[in-house]
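Here is the structure we will look at.
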2 protein chains.
Amino acid sequence: MDIAHQIRDKGLKVTPSRLGVMEVLGQNHQAYAHADLELLFKDMDRVTLYRVLNDFEEAGLVHKIIDMDGVTRFALCKHSCPDTHHADEHVHFSCQACHKMFCLENVSSPVFNIPSGFKAIGQNILVYGFCKTCSAA
Amino acid sequence: MDIAHQIRDKGLKVTPSRLGVMEVLGQNHQAYAHADLELLFKDMDRVTLYRVLNDFEEAGLVHKIIDMDGVTRFALCKHSCPDTHHADEHVHFSCQACHKMFCLENVSSPVFNIPSGFKAIGQNILVYGFCKTCSAA
DNA sequence: AATGCAAACGCAACATTATTGCATTTGCAT
DNA sequence: ATGCAAATGCAATAATGTTGCGTTTGCATT
Ligand SMILES: [Mn+2]
Ligand SMILES: [Mn+2]
Ligand SMILES: [Zn+2]
Ligand SMILES: [Zn+2]
């Protein structure tokens, strides 16, 4: 399925801004910060980029991850999620050298033994260290 | 050991601001946001509060956790850590109702099976849902 | 107890990130 | 081709965090 269809299937209009962002996010399993994308789309208004990313998240096209330094990042949802709840229960890896964040789609989250009384709904797991490229150098 | 000694042992001067913040953080196992503390210490300057928290973190008196919404929170380090590296490898729980964050000191982090090439240094684990009080209601 | 000094503080200014309102433009169904 | 809701650009505003600097204060020393 091509990008335009993915966007339209979520009830969103197909625009150059949205096509561009989707194309970049689809190139790899990385999670991009707003600042990253702003550099790639210099002609796009900052506010438009915020709205594109928010709309994508609400539509379930992307998921949001908060980095250790509080920076919000967005990555493509590889699997098709139901509209009601889209879970991205995989581990994310944050490189301390190149500051890229990777979706480790194959590393799933364990179940934690939470004290009784607490009701767990979901969890965010962030492993940090050095990515393949940076640990080779 | 009383609070004043804990502060002075880290090479920091004992001041009313620092005593106040330490006392609040010591009351429970919760992680407080800057905004929370600002309400509790209305006479304290915002910048001073930022500096108190940063100094405490560098001294190893508190540890920093980023909430799911990107908000920075601080909690007391219960165990005494070495000055060089202070690990807080426990799970944190974020309540979606009251927005409090709790340190689950007894729930330790598992080891993840990261793809080869990636070098893991540490990890942040955040479980979210409803805390004891809120799930009872 | 008085002194001296580095550390801590208060205040103002600035930086970054994100949101909101509104007029204009555009995708797309008709 | 037309009409309209959705999307965009721009300006203003909010929230969060940092930096510089003059003043105050903790505390070691005398
Ligand atoms: Mn992901
Ligand atoms: Mn903690
Ligand atoms: Zn890297
Ligand atoms: Zn709660």
Side-chain angles (χ1 to χ4, degrees), chain A residues 2-24 31-74 83 94 99 101, chain B residues 2-23 31-74 83 99 101:
Chain A
D2 69 343
I3 296 178
H5 277 74
Q6 294 180 47
I7 295 173
R8 205 177 337 247
D9 282 359
K10 295 296 183 178
L12 300 175
K13 290 185 178 175
V14 178
T15 67
S17 312
R18 288 172 172 170
L19 282 172
V21 172
M22 279 294 281
E23 195 188 355
V24 168
Y32 289 84
H34 184 276
D36 300 330
L37 297 167
E38 205 176 328
L39 289 176
L40 292 176
F41 301 101
K42 293 216 180 66
D43 51 337
M44 197 191 305
D45 191 83
R46 280 171 36 81
V47 178
T48 300
L49 183 51
Y50 277 113
R51 291 198 264 232
V52 165
L53 292 170
N54 281 341
D55 293 344
F56 280 180
E57 206 224 346
E58 285 175 10
L61 287 172
V62 305
H63 57 281
K64 189 196 287 188
I65 318 108
I66 308 288
D67 209 338
M68 277 181 308
D69 47 4
V71 175
T72 304
R73 291 179 168 270
F74 295 89
D83 285 343
S94 175
H99 296 102
M101 180 184 283
Chain B
D2 70 344
I3 296 179
H5 277 73
Q6 294 180 47
I7 295 173
R8 199 173 291 118
D9 282 0
K10 296 294 184 178
L12 300 175
K13 290 184 178 175
V14 179
T15 67
S17 312
R18 287 172 173 169
L19 281 172
V21 172
M22 278 295 281
E23 195 188 353
Y32 289 83
H34 183 277
D36 301 330
L37 298 167
E38 205 175 328
L39 288 177
L40 294 176
F41 302 100
K42 293 215 180 65
D43 50 338
M44 197 191 303
D45 191 82
R46 278 169 31 83
V47 178
T48 300
L49 182 53
Y50 277 114
R51 292 198 263 233
V52 165
L53 292 169
N54 281 342
D55 293 345
F56 280 180
E57 207 224 347
E58 286 174 11
L61 286 172
V62 305
H63 57 280
K64 188 194 287 187
I65 317 108
I66 308 287
D67 208 338
M68 277 180 309
D69 48 4
V71 175
T72 303
R73 291 179 168 270
F74 295 89
D83 286 342
H99 296 103
M101 181 184 282

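Below, read A as the first sequence line, B as the second, and so on, with proteins coming before strands; counting in each chain starts at 1.
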**OP:** Pick base, sugar-phosphate or nothing for B:Val47, based on heavy-atom distances below 4.0 Å to the nucleic acid.
**Re:** base

Subject >> Under 3.5 Å donor-acceptor, A:Arg18 side chain and A:Lys13 backbone >> reply: yes

Subject >> Residue-phosphate contact under 4.0 Å: B:Thr15 side-chain N/O, D:dT25 OP1/OP2 >> reply: no

**OP:** Give the rounded distance in Å between these two atoms: CZ of B:Phe41 and P of C:dG10.
**Re:** 12 Å

Subject >> 5' priority, DNA chain D, between B:Ala35 and A:Met44 [closest heavy atom] >> reply: A:Met44

**OP:** Please determine if a side-chain N or O atom of B:Thr72 lies less than 4.0 Å away from the OP1 or OP2 oxygen of D:dG17.
**Re:** yes

Subject >> Distance in angstrom units between B:Leu12 CG and C:dA6 P, rounded >> reply: 17 Å

Subject >> Inter-residue atom distance B:His34.NE2 - B:Leu53.CG, 0.5 Å rounding >> reply: 6.5 Å

**OP:** Provide, to the nearest angstrom, the distance between the CZ atom belonging to B:Arg18 and the C1' atom belonging to D:dT25.
**Re:** 12 Å

Original post:
Roughly, in whole Å, what's the span from CG in A:Asp55 to P in C:dT20?
Top reply: 13 Å

Subject >> Separation of atom CG in A:Leu19 from atom P in C:dT26, rounded to whole Å >> reply: 15 Å

Subject >> Pairwise distance CG(A:Leu61) to NZ(A:Lys10) - rounded to 0.5 angstrom >> reply: 5.5 Å

Original post:
At under 4.0 Å, does any side-chain N or O of B:Thr48 touch on OP1 or OP2 of C:dA8?
Top reply: no

Subject >> Nearest-0.5 Å distance, NE2 of residue A:His99 to CG of residue A:Asp67 >> reply: 8.0 Å

Original post:
Partner of C:dT24 by Watson-Crick or G-U wobble geometry, both contacts under 3.5 Å, or none?
Top reply: D:dA7

Original post:
Side chain of A:Val14: nearest nucleotide among D:dC27, C:dC28, C:dA8?
Top reply: C:dC28

**OP:** Specify the residue among B:Arg46 and A:Asn54 whose closest nucleotide of DNA chain C lies further upstream toward the 5′ end.
**Re:** B:Arg46

**OP:** For B:Arg51, report the nucleic acid contact type (base, sugar-phosphate, nothing); a contact means any heavy atom under 4.0 Å.
**Re:** base

Original post:
Which nucleotide, D:dG26, C:dT20, D:dA6, lies nearest any side-chain atom of A:Lys13?
Top reply: D:dA6

Subject >> Nearest-angstrom distance from the residue atom CZ of B:Arg73 to C1' of D:dT16 >> reply: 14 Å

Subject >> Nucleotide C:dC28, atom C1' - distance to CD1 of A:Ile7 in whole Å >> reply: 14 Å

Subject >> D:dT8 phosphate, OP1 or OP2, under 4.0 Å from A:Ser17 side-chain N/O >> reply: yes

Original post:
CG/B:Asn54 to CZ/B:Phe74 distance, rounded to the nearest 0.5 angstrom?
Top reply: 5.5 Å

Original post:
Counting side-chain heavy atoms from C-beta on, which of D:dT8, D:dG26, D:dC27 comes nearest to B:Pro16?
Top reply: D:dG26

**OP:** Would you kindly give the CG-to-P distance between A:Leu49 and D:dT8, to the nearest whole Å?
**Re:** 10 Å

